[in-house]
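Each remark here refers to the structure printed beneath this line.
Nothing here was measured: the structure is a model prediction, and the numbers come from that model.
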Amino acid sequence: MKVLFISTSYPRDVSDWRGIFMHHLVAALVRAPSIRLNVWAPPGELPDRAKSVLSRDDAEWLAALMAAGGISHLMRSGGWRTWLEPLRLLRKIGGAYRANPDQDIYHINWLQCALPLPRNRKPALITVLGNDLKLLKLPFMRVMLRRVMKKRRVAICPNADWMRPALEAAFGDIAEICPVPFGINPDWYAIRREPVVAKPHRWLVVTRLTANKLGPLFDWSEKFFADGDRELHLFGPMQEGVQVPDWVHYHGPATPEQLLSEWFPGACGLITLSRHAEGRPQVMLEAMASSLPIIASRMPAHAEIVFDGETGLLCDDTDSYVKALLVLEDKLINQRMGEAARRWATREIGTWDDCANRYVQIYQRLLGSS
């Protein structure tokens, strides 16, 4: 089965935080014996059985795009000229479709990458993140996407169930809406956490530094992290001019290996107070697989995986936030919720191989084979 895999994000190597989940997905897909994977994505280390179909010009352009923070970040931070970049990106993706006419099926990451699909009736699996739903509010976007989906078999695969209603309303009459969660690297399941006993309690935040991703984190946390009983350790790339307070331990971007070996085992929990349009945040899944309980803002993407009082705690304001901190600093409660989180992740998410198998089953269904 020849699959053309399209993605606008991919890491340079396994130490690169940008698009690292795409590396894991590609590696899992090529482990499926029935798949011959051709990859059009920013240049990076591919597993042996995956073949890059990038032209030299596309490779250089995509590498520069990744260095600039990706197409979404470029559009948020740049001037009027950056609005031309999405058109250039779509033109290059269209060229990739035309240059690889012998594929059986398309695996397209993100809705916008489906816009230049050729009129060849070949089936397509299209993945969707929470940020993609904003695209549907743009003028004519829904009409243009419906046009390329008609007369071909399409499965639209958001990585979280909460996106299903909006996608059903937009495309349910011409496409199958089939949520598929991403997988988790087995290394996260193998972490053995230390008991939460000694002070200061270490709390972790792993996120891109933007106003929406951080939410009210600094305002809600300041008075509760100033007495020395707990520490807030922040990891992630600075993508907006965010002023990080002195009492926050800001480490910049961290590799998965650093989080695995140095930070997750001894942490009290993970905090995310994001207001961003999330799909199903990968770092939260990895924390749950590590038996790390989570404190999260109450929003659909969080409430779908953080079951309040079972695998973590949801909060709406400063009072519920500090209550969550105090509850999860109890050793027995922390251990109970962490173990419940790991059981849920094992049962409902699994590994990247499980994710790849879910996609392969959809490929087969779209191609009409068993």
Is there a donor-acceptor pair under 3.5 Å between the side chain of Glu176 and the backbone N or O of Ile156? no
Closest heavy-atom contact between Asp13 and Ile20? O-CD1, 4.2 Å
Does a side chain donor of either Tyr359 or His107 reach within less than 3.5 Å of an acceptor in the other side chain? no
Of all the heavy-atom pairs spanning Ala124 and Leu366, show the shortest one and how long it is. O-CD1, 3.6 Å
Note: Cys315 and Ile295 closest approach over all heavy atoms is SG-CG2, 4.0 Å
After noting the C-alpha distance and the side-chain angles of Arg342 and Glu339, does the key distance pass the salt bridge (Lys or Arg N to Asp or Glu O under 4.0 Å) rule? CA-CA 5 Å; Arg342 175 174 279 172; Glu339 290 174 352; over 6 Å; no
Please tabulate, one pair per line, all N/O donor-acceptor pairs under 3.5 Å involving side-chain atoms of residues 318-326, not counting sequence neighbours.
from	atom 1	to	atom 2	distance (Å)
Ser320	OG	Asp316	N	2.9
Ser320	OG	Asp317	N	3.1
Ser320	OG	Asp317	O	3.1
Ser320	OG	Asp317	OD1	2.9
Tyr321	OH	Ser221	OG	2.6

Return yes if some donor-acceptor pair links the side-chain N/O of Arg153 with the main-chain N/O of Arg365 below 3.5 Å, else return no. yes
ILVMFWY network linking Leu328 to Val306, side-chain heavy atoms under 4.5 angstrom: no
Please walk me through it: do Arg31 and Asp353 pass salt bridge (Lys or Arg N to Asp or Glu O under 4.0 Å)? CA-CA 8 Å; Arg31 286 194 289 268; Asp353 285 340; 2.8 Å; yes
Is it the case that the side chains of Asn185 and Trp352 hold a donor-acceptor pair, with the cut-off being a distance below 3.5 Å and no angle test? no
Begin from the C-alpha positions of Arg36 and Asp104 and carry the test salt bridge (Lys or Arg N to Asp or Glu O under 4.0 Å) through to its verdict. CA-CA 10 Å; Arg36 287 180 58 188; Asp104 297 314; over 6 Å; no
Applying ring-ring contact (aromatic ring centres under 6.0 Å, His included), can you list everything that pairs with Phe307, at least two apart in sequence or on another chain? Trp344
Measuring only between side-chain heavy atoms, which start at C-beta, is Arg358 closer than 4.5 Å to Pro181? yes
Donor-acceptor contact below 3.5 Å, side chain Thr311 vs main chain Ala340: no
If every non-hydrogen atom of Leu314 is compared with every non-hydrogen atom of His302, which pair is closest and at what distance? CD2-CB, 4.3 Å
Do the side chains of Met149 and Ile126 get nearer than 4.5 Å, heavy atoms only? yes
Enumerate, atom names and distances included, each donor-acceptor pair closer than 3.5 Å involving a side-chain atom of residues 227-236, sequence neighbours excluded.
from	atom 1	to	atom 2	distance (Å)
Asp227	OD1	Asp229	N	3.0
Arg230	NE	Glu329	OE2	2.7
Arg230	NH1	Phe224	O	2.7
Arg230	NH2	Glu329	OE1	2.8
Arg230	NH2	Glu329	OE2	3.4
Glu231	OE1	His233	NE2	2.8
His233	ND1	His251	NE2	2.9

Check: Tyr106/Asn100 side-chain N/O donor and acceptor closer than 3.5 Å: no
Using modelled atom types only, decide if a donor and an acceptor are shared between the side chain of Tyr189 and the backbone of Ala345 within a distance under 3.5 Å. yes
